[in-house]
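Worksheet for the structure shown next.
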Number of protein chains: 4
Amino acid sequence: MVGFPLKGVVPPLVTPLAGRDQIDLPALSRLIEHVLGGGVHGVFLLGTTGEGPSLGHAAQRLLVSEATRLVRQRVPVLVGITDSSFSESLQLARHAADVGADAVVLAPPFYFPMHQNDLRHYCTALAREVPLPLYLYNMPSHCKVSFELDTVRYLIDEPNIVGFKDSSGQMLFFNQLLTMAQERTDFSVLMGPEELMAEGVLMGCHGGVCGGANLVPRMYVDMYEAAVTGDLRLVHILQQRILRLSAKVYGVGYAPSSYLTGLKAALSLIGLCDDRLSEPLSSLPEDRRAVLARHLVDLGMTITPH
Amino acid sequence: MVGFPLKGVVPPLVTPLAGRDQIDLPALSRLIEHVLGGGVHGVFLLGTTGEGPSLGHAAQRLLVSEATRLVRQRVPVLVGITDSSFSESLQLARHAADVGADAVVLAPPFYFPMHQNDLRHYCTALAREVPLPLYLYNMPSHCKVSFELDTVRYLIDEPNIVGFKDSSGQMLFFNQLLTMAQERTDFSVLMGPEELMAEGVLMGCHGGVCGGANLVPRMYVDMYEAAVTGDLRLVHILQQRILRLSAKVYGVGYAPSSYLTGLKAALSLIGLCDDRLSEPLSSLPEDRRAVLARHLVDLGMTITPH
Amino acid sequence: MVGFPLKGVVPPLVTPLAGRDQIDLPALSRLIEHVLGGGVHGVFLLGTTGEGPSLGHAAQRLLVSEATRLVRQRVPVLVGITDSSFSESLQLARHAADVGADAVVLAPPFYFPMHQNDLRHYCTALAREVPLPLYLYNMPSHCKVSFELDTVRYLIDEPNIVGFKDSSGQMLFFNQLLTMAQERTDFSVLMGPEELMAEGVLMGCHGGVCGGANLVPRMYVDMYEAAVTGDLRLVHILQQRILRLSAKVYGVGYAPSSYLTGLKAALSLIGLCDDRLSEPLSSLPEDRRAVLARHLVDLGMTITPH
Amino acid sequence: MVGFPLKGVVPPLVTPLAGRDQIDLPALSRLIEHVLGGGVHGVFLLGTTGEGPSLGHAAQRLLVSEATRLVRQRVPVLVGITDSSFSESLQLARHAADVGADAVVLAPPFYFPMHQNDLRHYCTALAREVPLPLYLYNMPSHCKVSFELDTVRYLIDEPNIVGFKDSSGQMLFFNQLLTMAQERTDFSVLMGPEELMAEGVLMGCHGGVCGGANLVPRMYVDMYEAAVTGDLRLVHILQQRILRLSAKVYGVGYAPSSYLTGLKAALSLIGLCDDRLSEPLSSLPEDRRAVLARHLVDLGMTITPH
């Protein structure tokens with residue numbers, strides 16, 4: 001059950017894989033216990049970090065059922081339903097409701113470039129048909145279209161839309177969004193890029209969807225709390241650590257997927273799950289993996305023999 | 001059965017809809033007879049014009065089975081298998097083979113921005129697993145990634161890849177592609193944008209995937225033949241007509257989907273199918289539809305009372 | 001004389017015009033007294049807001065001489081020397097030194113797209129030849145090229161480069177830049193977009209180059225001080241005012257120059273200077289000017305009869 | 001004197017340099033005789049290939065005077081007046097007229113992103129004030145703004161605008177432009193990218209501004225004539241040579257300036273001028289220069305000992 005507005009650190013959960021479209025259930029359980037042990041305030045399945053759009057539909061459904069079961073209602077479970085097809089998004093949302101997830105998250109359909117009017121209609125229609133509260137997810141680097149401010153102004157009156165995750169990294173837009181969202185006390189504004197969570201929270205947002213919280217959940221929870229309490233000194237210290245992790249883990253592989261290949265390789269090196277990615281992405285090459293292992297040690301983590 | 005290299009005009013077939021995810025089978029039959037009557041050399045299902053990625057998977061499968069049946073092997077049937085998930089693309093390709101289609105067409109998976117290496121691996125892996133000949137489809141405006149020349153050079157050695165449809169509109173790339181493709185006599189290079197088919201064929205390509213051939217198939221077939229025979233005078237005359245249709249039909253609606261909304265509205269006005277589009281796109285507004293009707297009359301078409 | 005590192009609010013001074021390439025000297029004097037009266041910590045001539053690259057060279061030189069004279073060393077005077085030609089930038093820098101300005105500011109030459117290596121060499125060569133301390137100015141929306149982090153890392157060792165103004169709005173880059181700049185105690189990092197100054201200063205930067213400080217200098221100075229002292233409550237209040245001004249003044253005209261046309265029209269409405277812009281930009285249309293006048297009253301300003 | 005419409009191959013003349021902002025006059029003379037000897041139909045000074053915007057104003061003026069003198073009215077001399085400042089463009093146009101050049105060429109001012117209305121006003125105002133016929137030059141990769149079709153439709157009624165050079169590489173736009181330009185018999189449409197000149201001429205344009213014609217003018221003149229006469233067989237043969245030169249000469253250096261560094265290095269290798277470029281560009285590195293030398297030999301050229 002989501003308390004509104006949702007606040008804090010909500011990791012976009014990595015999807016542990018044992019083979020093409022095969023969910024690694026023991027690793028999924030380990031990963032969930034790891035992030036919950038770090039104090040996170042929710043989990044988000046099938047996001048970009050969870051490689052949602054790359055998974056076959058059967059694998060998506062299994063992941064949602066199993067992860068929801070494993071979380072055991074300790075924190076809210078949010079499920080990404082982003083798809084290029086409206087009806088496939090809707091069917092996945094129904095499945096999420098059936099197995100007890102708490103909310104769904106929608107980035108725009110990502111094949112056709114679209115007009116803001118089409119985006120409005122799409123989100124409104126889906127918000128009214130899905131059986132769970134809906135978070136919008138702004139992800140222009142992957143979806144091409146960006147939610148414009150007027151579109152958010154229109155959609156914010158839709159009662160079943162309960163929040164907005166912004167991964168655009170456009171802080172001017174984000175600041176305007178924060179102002180706009182103040183009119184609804186149950187509405188949550190969450191920062192996508194983890195390197196910007198601190199300033200987002202300092203300026204008034206509700207938390208962050210930090211991919212790095214798969215790896216070191218406690219660090220992001222600490223940052224969230226430092227920013228909420230306005231402890232600028234601690235914010236500056238933690239920000240150095242977060243930027244360092246970002247450079248050392250996400251900067252090891254090759255653009256444009258170096259974030260995800262680095263994160264999954266790091267999770268593999270500390271023994272949480274395999275580094276296998278769904279097509280079209282591929283694992284960090286062996287030589288880069290060795291560099292990453294040294295970086296993780298520098299960052300104070302313990303490498304697990306493979 | 002495809003004769004290699006595939007040559008001529010291959011319309012990307014519009015998907016007639018009777019409701020959300022409901023294929024309008026009588027309209028599908030009318031449309032197929034219309035384009036075959038105009039002399040086209042193949043049909044391409046579930047492309048961008050066919051709104052493939054917006055359809056649910058059940059509707060996709062039904063469209064493929066029915067269209068293949070209705071074509072009755074008079075021309076080759078190509079099936080778009082573009083998806084954000086490798087396994088879903090593969091499953092659709094298997095279905096296409098099962099129901100008797102002739103080839104499959106793949107644009108890159110369109111959620112994750114990707115490195116050219118990832119694109120190579122993806123296309124190679126899929127080319128080896130699909131049970132039909134594979135055409136590559138370059139569509140950067142929708143897929144973000146573009147096939148670079150070195151990637152094509154790599155992939156052209158894959159025997160099951162038998163052609164390349166380029167919708168980038170980048171003629172410098174296209175000309176280089178033509179040179180490269182000369183090393184394989186069974187390899188087909190097809191132009192995407194119909195306004196560029198003439199110059200593509202003059203420079204040596206094999207034909208075009210002309211959306212307007214849903215509406216006036218004969219005009220594009222005539223243009224193909226004029227260009228193949230080097231009749232520049234006729235090319236210039238037909239080019240004026242093609243540009244006029246482009247302006248008058250695709251320029252009536254609102255960007256960025258004005259091509260598809262205009263085309264489907266025009267098909268509806270001449271009585272071939274409904275103007276309904278799959279989400280996220282929406283039909284041409286009523287006032288614009290009236291403008292389009294006048295344009296169609298100017299272009300010499302007959303409007304069917306609604 | 002600049003104290004290093006330069007801190008606080010440095011308005012990019014609007015260039016008051018009486019005709020094409022004619023500097024309005026009385027208005028220039030009024031504007032300078034207005035901003036100094038609001039407590040700003042420096043002025044920046046011939047920036048983007050000052051329409052530097054649109055002015056003829058004679059007008060540029062006159063503006064620099066006169067403004068420097070009028071400031072009378074009360075605050076540091078920074079002079080934009082951005083040009084597509086190296087030798088023209090250098091000549092303008094020499095003129096700035098001759099007439100007593102304190103520093104020069106360089107955005108990349110903006111005609112040729114360029115490699116980061118070329119950018120490095122350009123900035124290094126110019127930094128060594130100009131007779132004043134040099135600030136770098138990142139302005140990818142106008143210059144196409146962006147300073148990448150490795151380039152800044154390279155350039156930061158150049159002693160005559162004493163600061164970096166970032167107008168990219170890319171906060172992830174900006175945060176990394178802040179970390180990097182800590183190694184030089186005399187190096188100043190300044191935020192370009194005024195809507196992001198607060199969070200920049202909260203995260204550790206030295207101030208902002210706020211265009212709106214031409215209009216209401218005190219508001220930006222207050223914000224700078226609130227952020228430096230970590231008064232989050234006051235930051236949130238002032239941020240609402242800054243965003244409101246941004247929407248009401250910069251959002252009235254037509255993209256992409258609505259910021260500058262709105263700002264100059266507002267300065268004209270409160271009686272500081274004419275709203276004339278250099279080609280290629282043009283003044284706010286009359287109907288929009290009337291809307292802006294109402295907005296300024298809403299924002300608490302006094303309109304001067306025209 | 002320009003005969004209207006201007007037709008054929010008009011090389012954008014490289015600017016030979018002996019030092020920063022120092023025109024190498026003997027090399028300029030050699031280069032002019034080289035291209036005129038190859039049968040070109042005009043020369044274009046201070047274009048992108050001529051590094052116009054990178055030169056200081058004194059050097060620009062000297063180049064225009066000297067080149068015009070050296071051409072001795074054998075072919076029309078077109079002078080690029082592109083600048084970020086209206087008044088500087090105008091002054092250069094007056095100088096061009098004073099020294100006997102035949103026409104001026106304007107790409108949009110390239111600092112401020114601008115609205116199409118601003119572009120219209122700019123071009124109209126300049127067309128009315130310059131003392132020579134004006135060609136427009138579409139160069140979005142360097143100027144950011146693109147001439148849209150409606151803007152061209154507006155500007156084509158301006159009598160002193162006598163042609164349009166399109167370097168966008170967007171053939172759909174180009175084809176529409178060709179149709180539009182048919183209403184003025186004195187109006188010339190010229191293709192920028194040399195690799196696209198053949199298809200441009202096949203579709204009806206008047207010629208090309210081929211950078212490679214600095215190096216091998218005859219090849220481009222031959223291609224122009226083959227395309228004008230509709231000799232598709234010869235077009236295909238020459239197109240292979242042009243693409244080969246493009247790959248072997250422009251593909252040797254580093255993006256994004258590999259075209260210009262490759263071209264100037266090649267001119268240096270065959271003894272026409274030094275390979276020095278104006279800042280911000282830099283000469284081809286020594287190792288790449290050796291590769292280029294081998295490529296030139298493969299292409300049949302004779303390397304001059306250095």
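The structure presented is a predicted model; accordingly, all values stated were derived computationally and were not measured. Residue numbers start from 1 in every chain, and the chains themselves are labelled A, B, ... in the order their sequence lines are given, proteins ahead of strands.
- Inter-residue side-chain proximity for C/Gln239 and A/Leu178 is flagged as unmet; no heavy-atom pair is nearer than 4.5 Å.
- Side-chain contact between C/Met203 and A/Leu202: present, with at least one pair of heavy atoms (C-beta onward) separated by less than 4.5 Å.
- With chain A as partner, the option from C/Val235, C/Leu149, C/Leu172 having the largest number of non-hydrogen pairs under 4.5 angstrom is C/Leu172.
- For A/Gln240, the part lying under 4.5 angstrom from a heavy atom of chain C is the side chain only.
- Rounding to the nearest 0.5 angstrom, the gap separating the NE2 atom in A/His236 from the OG1 atom in C/Thr179 is 10.0 Å.
- The distance from the CG atom of A/Leu196 to the CD atom of C/Gln170 is 9.5 Å, given to the nearest 0.5 Å.
- Within 6.0 Å of atom CZ in C/Arg241, 12 or fewer heavy atoms from other residues, nucleotides or ligands are found, so the atom counts as exposed in its surroundings.
- For the pair A/Asn175 and C/Glu199, the minimum side-chain heavy-atom distance is below 4.5 Å.
- Of the two parts of A/Glu194, neither the backbone nor the side chain holds a non-hydrogen atom closer than 4.5 Å to a non-hydrogen atom of chain C.
- For A/Leu232, the part lying under 4.5 angstrom from a heavy atom of chain C is the side chain only.
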